[in-house]
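Written below as structure tokens is the structure these notes are about.
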Amino acid sequence: MRSPDEKQPDDLLLRASAERQLDDAQQMKDPLAPAAPDLVPADLLRELQVHQIELEMQNEALRLKQTELESMRDRYVDLYDFAPVGYLTLDSNGIIEELNITAVKLLRSERLKLLRHRFSSLLIGAEQDRFRELLLAVIDRDEAQRIELAVQRHDGTVFQAQLDCATQKSGAGDTAFRIALTDITERKQAEIELSQYRQHLEQLVDARTADLAAANQSLTLAKNAAEAASRAKSTFLSNMSHELRTPMNGVMGMIDLVLSLATDPKQIDWLKKSKSSARHLLDLINDILDISKIESDRITLEQRDFSLSQVIDSVINMETAAVLVKGLKLSREIDPSLPDVLCGDALRLKQIVINLVGNAVKFSSHGKITVRARAVEKSVRSVLLRIEVTDQGIGISPEQQGRLFQAFTQGDDSMTRRYGGTGLGLIISKRLALLMGGDVGVESTPGVGSSFWFTARLATSAVQSLAAQPKASEADATIIRKRYFAQRILVVDDESINREVAQLQLEALDLMVDTAEDGTKAVDMARTWRYAAILMDMQMPKLNGLDATRQIRQLPEYQHVPIIAMTANVFVEDKVQCLAAGMNDFLIKPFTRSDLIATLLRVPLAD
């Protein structure tokens, strides 16, 4: 506290201001007016006048402060009453002591009816217990708490509310509660709708999942059925291949034997035509089998070094006779920059070239046919080879070109009657090219000619050149005669004609031959006689060739005797089974005399 004599800066300013106002007032008086009698001392009067002015100025300042406070109070009341949420103050017993207009509107009542009203009475059922637990939690934890409750208005309607509750000290020092009341009915409704929508989506997903599961099950069943059908087809084609090749072996073998003995030119001509027809039928069987192997992924590509020029030259040599008959010219052009030695499946590559050159010869009546080879892409490790076969034949229309590479179709149905064929050669060529990382195509103009092409990705080889493969000759037959001189060979086959063909082909080489019609008899004969070589059919009654070979291999004197499979099955797994059973090599039916000689030369003699 300051003493009355102590003057603060504000008081001094007020006093100075008052004195100036007093001096100004005195100067404004009439100087000629008579002076008032001195009832009181002049200094005291002056002091009283100054104090009066000070009081008036202080009153004015107080009035300004009061006006400012009233304005602030009005703003606060507006902010409080018209806040976006309802505010309530409850005493320690939960009775409403104060609430704003927003809270009154939310509760749809009047302020006076709500004041001194217990807030919990606005809650329904178990919500009252939850509210009491809220108040206790606020007191125990001494921090604000939030809860969502159902509040019932005075008009009976219910809304979902969010309560944010905190404590405050009342004027009497008791604990009071401040509550912020927010209407969340729309939000809760949106949450319910969202939950229902989510549940609906989950039901749709479950239903869709069930549908997909059913569809997958159906697809699995269809896939299994398709695979079963594919396996059945492959098995059927394999069996049919065996069944067709077996009689073809007899037909072609007998034709070869008769041709070797025929002297009449007319008979020789007939036999050659018969052999050509048989060869054509065998080619058709091979094409169907190739399609089956490709579709069932049972075809494998070899990776061996080969001479590209030798492959192309061998095809040209094969077609020379047909070309000369039709008066055509057949030549080749190989890009000098293309490596001659490549690594890949020369047999399959040659098969494609044979198909394309054969078609060019078939559909050409004049002009020339050219086989061109070049590299589309080259790298250190591989070459994308492109081979084109160009002719001046009948040509193909754009519409016909679209059907060329479809199985069992030709460009025109009339071609089948005029030129023959099934159209399998091109589809096989396409699929083989795809297996070798390439493709096939054609560019053609009707009446002008065609250019068929294919590409294949082949590995390069470190070898610069390969020697040409020697052809079978009579010298080979002489070697066989000397190798098996005074020794016997056993032929095992359940087909009498096939036994006879093999026997006659071997006897034509001056070899001694015994025969057996099944595996059981072959095992018995091997026990009683030492054979220098055995030709064994695979599919036979009683005991098949594989099991017969296993039993023969158990005989002490037959551990190293050559056993050659005679089979019409040409799948890789069939060859693997033959080797696993102990066979040394295999002859694919139908086989020629040259095939037989070449096979006998390959297998080593037992000591």
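Note that the numbering runs from 1 along the sequence shown for the chain.
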Worksheet item: Does Ala459 offer a backbone N or O that forms a donor-acceptor pair with the side chain of Ser382 under 3.5 Å?
Response: no
Practice prompt. Would you give the length of the straight line joining atom SG of Cys343 to atom CD of Glu302, rounded to the nearest 0.5 angstrom?
Written response: 10.5 Å
Worksheet item: For Gln217, does the CD atom sit with more than 12 other heavy atoms under 6.0 Å from it, leaving out its own atoms?
Response: no
Worksheet item: Is there side-chain contact between Ile268 and Thr263, with heavy atoms separated by less than 4.5 Å?
Response: no
Worksheet entry | Beyond-backbone contact of Gln351 with Asn355, side-chain heavy atoms, under 4.5 angstrom | yes
Practice prompt. Locate the shortest heavy-atom distance separating Leu338 from Ala375; write the atom from each residue and the value.
Written response: CD1-CB, 3.6 Å
Practice prompt. Kindly determine whether Val311 and Phe306 satisfy side chain to side chain contact (heavy atoms under 4.5 Å, CB included), including the steps that lead there.
Written response: CA-CA 8 Å; Val311 169; Phe306 67 92; 3.7 Å; yes
Worksheet item: Is any side-chain heavy atom of Ile489 closer than 4.5 Å to a side-chain heavy atom of Tyr484?
Response: yes
Worksheet entry | Side-chain touch Leu535/Leu596, heavy atoms, less than 4.5 angstrom | yes
Discussion item. One thing to verify: whether Arg499 and Asp493 come together as a salt bridge, which I'm taking to mean a side-chain N less than 4.0 angstrom from a carboxylate O.
Written reply: no
Worksheet, complete the sentence: So CG of Leu347 and CG of Leu301: to nearest 0.5 Å the spacing works out to 10.5 Å
Discussion item. Has Asn317 got a side-chain atom pairing as donor or acceptor with Asp313's backbone, closer than 3.5 angstrom?
Written reply: yes
Worksheet item: Do Arg593 and Asp256 meet the salt-bridge criterion of a basic N to acidic O distance under 4.0 Å?
Response: no
Item to complete: Taking the side chain as every heavy atom from C-beta outward, state whether Asp518 and Val492 have any atom pair closer than 4.5 Å.
Response: no
Worksheet entry | Positive for side chain to side chain contact (heavy atoms under 4.5 Å, CB included) with Leu356, one of Leu426, Val440, Ile387, Val361 | Leu426
Discussion item. Taking atom CZ as the centre, does Arg304 end up with more than 12 heavy-atom neighbours from other residues, nucleotides or ligands that are less than 6.0 angstrom away?
Written reply: no
Worksheet, complete the sentence: When every non-hydrogen atom of Ala502 is compared with those of Phe591, the smallest separation belongs to CB-CZ, 4.5 Å
Worksheet entry | Least distance between heavy atoms, Leu546 atom then Cys578 atom | CD2-CA, 3.9 Å
Worksheet item: Partners of Arg208 by side-chain hydrogen bond (donor to acceptor under 3.5 Å, both in side chains), sequence neighbours excluded?
Response: none
Discussion item. Using side-chain heavy atoms (C-beta onward) and a distance below 4.5 Å, is Leu330 in contact with Glu319?
Written reply: yes
Worksheet entry | Gap between atom CG of Leu509 and atom CG of Leu504 - 0.5 Å precision | 11.5 Å
Discussion item. Please check this pair: side chain of Glu388 against backbone of Arg372, looking for a donor-acceptor N/O pair closer than 3.5 Å.
Written reply: no
Worksheet item: CG of Leu511 to CD of Gln505: how many Å apart, nearest 0.5 Å?
Response: 11.5 Å
Worksheet item: Between Ser309 and Asp340, do the side chains contain an N or O donor and an N or O acceptor separated by less than 3.5 Å?
Response: yes
Item to complete: Just jot down the side-chain hydrogen bond (donor to acceptor under 3.5 Å, both in side chains) partners of Ser260, sequence neighbours excluded, or say none.
Response: none
Worksheet item: Does a side chain donor of either Thr592 or Ser594 reach within less than 3.5 Å of an acceptor in the other side chain?
Response: no
Fill in: Check: Leu543 and Val523 side chains under 4.5 Å, non-hydrogen atoms
yes
Item to complete: Enter the distance from Asp494:CG to Met538:CE here, rounded to the nearest 0.5 Å.
Response: 12.5 Å
Worksheet entry | Side-chain donor or acceptor of Gln400 paired with backbone N/O of Ser397 under 3.5 Å | yes
Discussion item. Taking atom CG as the centre, does Leu384 end up with more than 12 heavy-atom neighbours from other residues, nucleotides or ligands that are less than 6.0 angstrom away?
Written reply: yes
Discussion item. Working to the nearest 0.5 angstrom, can you tell me the gap between Ile552 CD1 and Gln559 CD?
Written reply: 13.0 Å
Discussion item. Determine whether Glu500 and Met254 satisfy the following criterion, side chain to side chain contact (heavy atoms under 4.5 Å, CB included), listing intermediate values before the conclusion.
Written reply: CA-CA 9 Å; Glu500 185 177 358; Met254 287 299 181; 3.6 Å; yes
Discussion item. Assess whether a salt bridge exists between Arg550 and Asp547, defined as any Lys/Arg side-chain N lying under 4.0 Å from an Asp/Glu carboxylate O.
Written reply: yes
Discussion item. Quick check: closest heavy atoms across Ala532 and Val561, and the distance to 0.1 Å?
Written reply: O-CG1, 3.6 Å
Worksheet item: For the side chain of Lys368 and the backbone of Gln392, is there at least one donor-acceptor N/O pair under 3.5 Å apart?
Response: no
Worksheet, complete the sentence: So the side chain to side chain donor-acceptor pair (under 3.5 Å) pairs with at least one residue in residues 451-460 (sequence neighbours excluded) are Glu377-Arg457, Thr390-Ser451
Worksheet item: Is Glu557 salt-bridged to Arg530, cutoff N-O under 4.0 Å?
Response: no
Practice prompt. May I have the step-by-step check of side chain to side chain contact (heavy atoms under 4.5 Å, CB included) for Met525 and Tyr531, ending in yes or no?
Written response: CA-CA 9 Å; Met525 294 178 69; Tyr531 291 102; 3.3 Å; yes
Item to complete: Specify the closest pair of heavy atoms between Pro590 and Met252, including all atoms of both residues, with the distance to one decimal.
Response: CG-SD, 3.6 Å
Fill in: Considering all heavy atoms, the nearest Ala508-Arg481 contact
O-NH2, 3.8 Å
Item to complete: Just do the side chain to side chain contact (heavy atoms under 4.5 Å, CB included) check on Met566 and Lys589 with the steps written out, would you?
Response: CA-CA 7 Å; Met566 293 189 302; Lys589 296 178 182 178; 3.9 Å; yes
Worksheet item: Given side chains that start at C-beta, do those of Thr515 and Leu490 come closer than 4.5 Å, heavy atoms only?
Response: no
Worksheet item: Is Asp269 salt-bridged to Lys266, going by a charged N under 4.0 Å from an acidic O?
Response: no
